[in-house]
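Every heavy atom of this structure was used, including side-chain atoms; hydrogens, water molecules and symmetry mates were not.
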Amino acid sequence: MGKLTLYDISTPREIIAEERESVYLSHTPEQRFLSVLHLNHISMVMNGGRPLKSPQGKGLVIRKPAR
């Protein structure tokens with residue numbers, strides 16, 4: 001769904017941020033939403049099938065699991 005871009009360390013962070021922003025803004029809202037879901041799936045796979053953050057109680061309070 002995405003691609004890995006390696007940057008030269010001499011490239012200023014501002015240029016990298018501008019490039020990433022232009023790519024993000026060129027996507028449709030549906031593509032943005034699907035990329036967030038894909039990123040969430042990858043993070044769960046890399047964390048042994050457990051989410052990095054999980055809901056706690058009622059509302060939107062989120063906590064990290066204690067290790």
Side-chain angles (χ1 to χ4, degrees):
M1 184 163 198
K3 66 178 184 171
L4 176 64
T5 304
L6 300 176
Y7 295 95
D8 184 13
I9 59 172
S10 63
T11 305
R13 289 179 184 247
E14 294 80 18
I15 292 177
I16 296 171
E18 288 173 5
E19 181 180 322
R20 289 180 180 175
E21 182 180 18
S22 68
V23 169
Y24 177 78
L25 293 175
S26 69
H27 291 155
T28 65
E30 181 181 5
Q31 289 172 322
R32 293 177 195 167
F33 179 72
L34 292 175
S35 67
V36 169
L37 292 180
H38 183 68
L39 182 61
N40 186 43
H41 174 71
I42 290 172
S43 68
M44 285 185 63
V45 169
M46 294 181 70
N47 196 32
R50 297 181 316 271
L52 294 177
K53 295 183 177 183
S54 58
Q56 176 183 347
K58 297 181 180 178
L60 297 175
V61 178
I62 297 176
R63 66 170 173 82
K64 287 187 177 181
R67 292 190 185 208

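Under the side chain to side chain donor-acceptor pair (under 3.5 Å) criterion, Glu19 pairs with Tyr7, not counting sequence neighbours. The side-chain contact (heavy atoms from CB on, under 4.5 Å) test applied to Ile9 returns no partner, not counting sequence neighbours. Qualifying side-chain contact (heavy atoms from CB on, under 4.5 Å) partners for Ile42, counting only residues two or more places apart in sequence or in other chains: His38, Met46. By the side-chain contact (heavy atoms from CB on, under 4.5 Å) test, Leu25 is found to be paired with Glu21, Arg32, residues two or more places apart in sequence or in another chain being considered. For Glu14, the side-chain contact (heavy atoms from CB on, under 4.5 Å) partners are Pro12, not counting sequence neighbours. Residues passing the side chain to side chain donor-acceptor pair (under 3.5 Å) test with Ser10, sequence neighbours excluded: Asp8.
If you chain together ILVMFWY residues whose side-chain heavy atoms come under 4.5 Å of each other, Ile15 ends up in a group of its own. When hydrophobic residues (I, L, V, M, F, W, Y) are linked wherever their side-chain heavy atoms come within less than 4.5 Å, Val45 remains an isolated member.
Atom CD of Gln31 is separated from atom CG of Leu34 by 8.0 Å, given to the nearest 0.5 angstrom.
Side-chain contact between Leu37 and His41 is absent, with no heavy atoms from C-beta onward closer than 4.5 Å.
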